[in-house]
Amino acid sequence: MDRKNQTPQGQIAQVVVEFLEVAVSCIVFLKGFYPARAFERRRYMNVVVQKAVHPQLAGYIHSVTAGLLPFIQKGLVERVIVIFYNKDHIPIEKFVFKLALSQSYGSNIEQSSLEFALRAFLIKLTVAETLTKPLPSDSSWEIAAYFRSLPADGIKDKEEDAQMWIPTDTKMWMQPPHITPIKSMGCDPLKMQLYLEQPSPAEAKDPAP
């Protein structure tokens with residue numbers, strides 16, 4: 001997509017959405033949820049990544065991340081989460097991308113600098129397997145987004161976009177989760193954190209692999 005005529009927020013949001021699509025694919029590959037043939041080695045931002053190529057899998061990841069574009073651009077998305085569940089649909093692990101896009105930033109971005117910062121997240125993901133736990137049998141997963149707010153009334157196209165999103169029925173852990181930081185960047189106009197959430201030792205029950 002041509003970004004020359006976009007606002008800085010539009011340019012950044014487009015890069016972030018493309019990054020999230022690749023990052024989610026890498027996370028699902030990392031967890032071994034699907035056979036390796038559902039993925040293909042690609043080079044993205046000069047990093048070798050695992051990109052989903054199975055039509056249904058790739059289509060789901062693309063449609064969800066692309067659907068976030070107008071909300072990320074407006075600074076409405078707080079977190080994008082890849083959630084893994086056990087057979088009872090109780091979360092057992094969450095990869096959390098926490099976002100904050102400055103709405104007051106008015107300068108053109110240097111795309112190379114932004115991509116350099118995001119590249120570090122992908123590199124961290126390639127070596128994050130030791131931080132995670134094996135998935136139990138009959139597990140499932142989904143992508144969820146947490147919004148700071150939904151678009152105000154009167155913005156028709158954004159209202160239609162918002163209607164595509166439904167409230168999540170994800171169960172909450174009773175105890176505060178165990179959080180493992182993976183990577184963060186804190187420079188304007190984009191702040192992002194990636195961390196892993198797992199049930200606290202007091203709450204977690206070791207599932208049979």
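Ala117 and Met185 make their closest contact through CB-CE, 3.8 Å (heavy atoms, listed as atom of the first residue, atom of the second, distance). In terms of heavy atoms, Phe121 sits closest to Gln193 at CE2-C, 4.3 Å. When all heavy atoms are compared, the tightest approach of Phe39 to Leu57 is CZ-CD2, 3.8 Å. Here the closest non-hydrogen pair linking Ile83 and Ala144 is CD1-CB, 4.0 Å. Scanning all heavy atoms of the two residues, the minimum distance from Pro91 to Pro199 falls at O-CG, 4.2 Å. Heavy atoms only, all atoms of each residue included: Arg148 and Val77 are closest at NH1-O, 2.7 Å.
Both Val64 and Phe147 belong to a single network of hydrophobic side chains, linked directly or stepwise wherever heavy atoms of I, L, V, M, F, W or Y lie under 4.5 Å apart. Hydrophobic clustering (side-chain heavy atoms under 4.5 Å, transitive across Ile, Leu, Val, Met, Phe, Trp, Tyr) groups Phe29 together with Tyr60. Both Ile123 and Val24 sit in one connected hydrophobic cluster of ILVMFWY residues. Membership requires side-chain heavy atoms under 4.5 Å apart, directly or through other members. A single hydrophobic cluster is not seen to contain both Leu196 and Ile90; linkage of ILVMFWY side chains at heavy-atom distances under 4.5 Å, directly or through other members, places them apart.
In summary, the side chains of Glu142 and Tyr85 do present a donor paired with an acceptor at a separation below 3.5 Å, with no hydrogens or angles considered. For the residue pair Gln73/Gln9, the side-chain donor-acceptor check at 3.5 Å is not satisfied.
Note that the CZ atom of Phe19 and the SG atom of Cys26 stand 8.5 Å from one another [nearest 0.5 Å]. With values rounded to the nearest 0.5 angstrom, Ile182 atom CD1 is found 11.0 Å from Tyr195 atom OH. We find the CG-NZ distance between Leu118 and Lys183 to be 10.5 Å, quoted to the nearest 0.5 Å. Atom-to-atom distance recorded for Glu78:CD and Ile72:CD1 is 13.0 Å, nearest 0.5 angstrom. Rounding to the nearest 0.5 Å places CD1 of Ile81 at 10.5 Å from NZ of Lys98. Note that OG of Ser25 is 4.5 Å distant from CD1 of Ile61, once rounded to the nearest 0.5 Å.
No side-chain donor-acceptor contact under 3.5 Å links Arg79 to the backbone of Leu99. Between the side chain of Arg43 and the backbone N or O of Val48 there is no donor-acceptor pair closer than 3.5 Å.
Within the 4.5 Å cutoff, side-chain heavy atoms of His178 are placed close to those of Thr180. In this structure, Ser137 and Lys87 have side chains that are not in contact, with every pair of non-hydrogen atoms separated by 4.5 Å or more. Proximity of Thr132 to Glu93: side-chain heavy atoms (C-beta onward) are separated by under 4.5 Å at one or more points. In this structure, Leu125 and Leu194 have side chains that are in contact, with non-hydrogen atoms separated by less than 4.5 Å. Considering only heavy atoms from C-beta on, Tyr146 stays 4.5 Å or farther from Val80 through its side chain. Residues Phe33 and Ser139 form a side-chain contact, since some pair of their non-hydrogen atoms from C-beta on lies under 4.5 Å apart.
A salt bridge between Glu129 and Lys31 is absent, with no side-chain N of the basic residue lying under 4.0 Å from a carboxylate O of the acidic one.
Scanning for side-chain hydrogen bond (donor to acceptor under 3.5 Å, both in side chains) contacts around Ser112 gives an empty result, with sequence neighbours left out. Arg42 is linked by a side-chain hydrogen bond (donor to acceptor under 3.5 Å, both in side chains) to Glu40, counting only residues two or more places apart in sequence or in another chain.
Between Phe95 and Trp141, the ring centre distance reaches or exceeds 6.0 Å.
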key: Worked verdict on Met45 versus Val15 for side-chain contact (heavy atoms from CB on, under 4.5 Å)   = CA-CA 11 Å; Met45 293 185 178; Val15 174; 4.2 Å; yes

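The salt bridge (charged side-chain N to carboxylate O under 4.0 Å, His left out) contacts involving residues 47-58 comprise Glu21-Lys51, where partners must be two or more places apart or lie in separate chains.
The environment of OH in Tyr34 is crowded: more than 12 heavy-atom neighbours from other residues, nucleotides or ligands sit within 6.0 Å.
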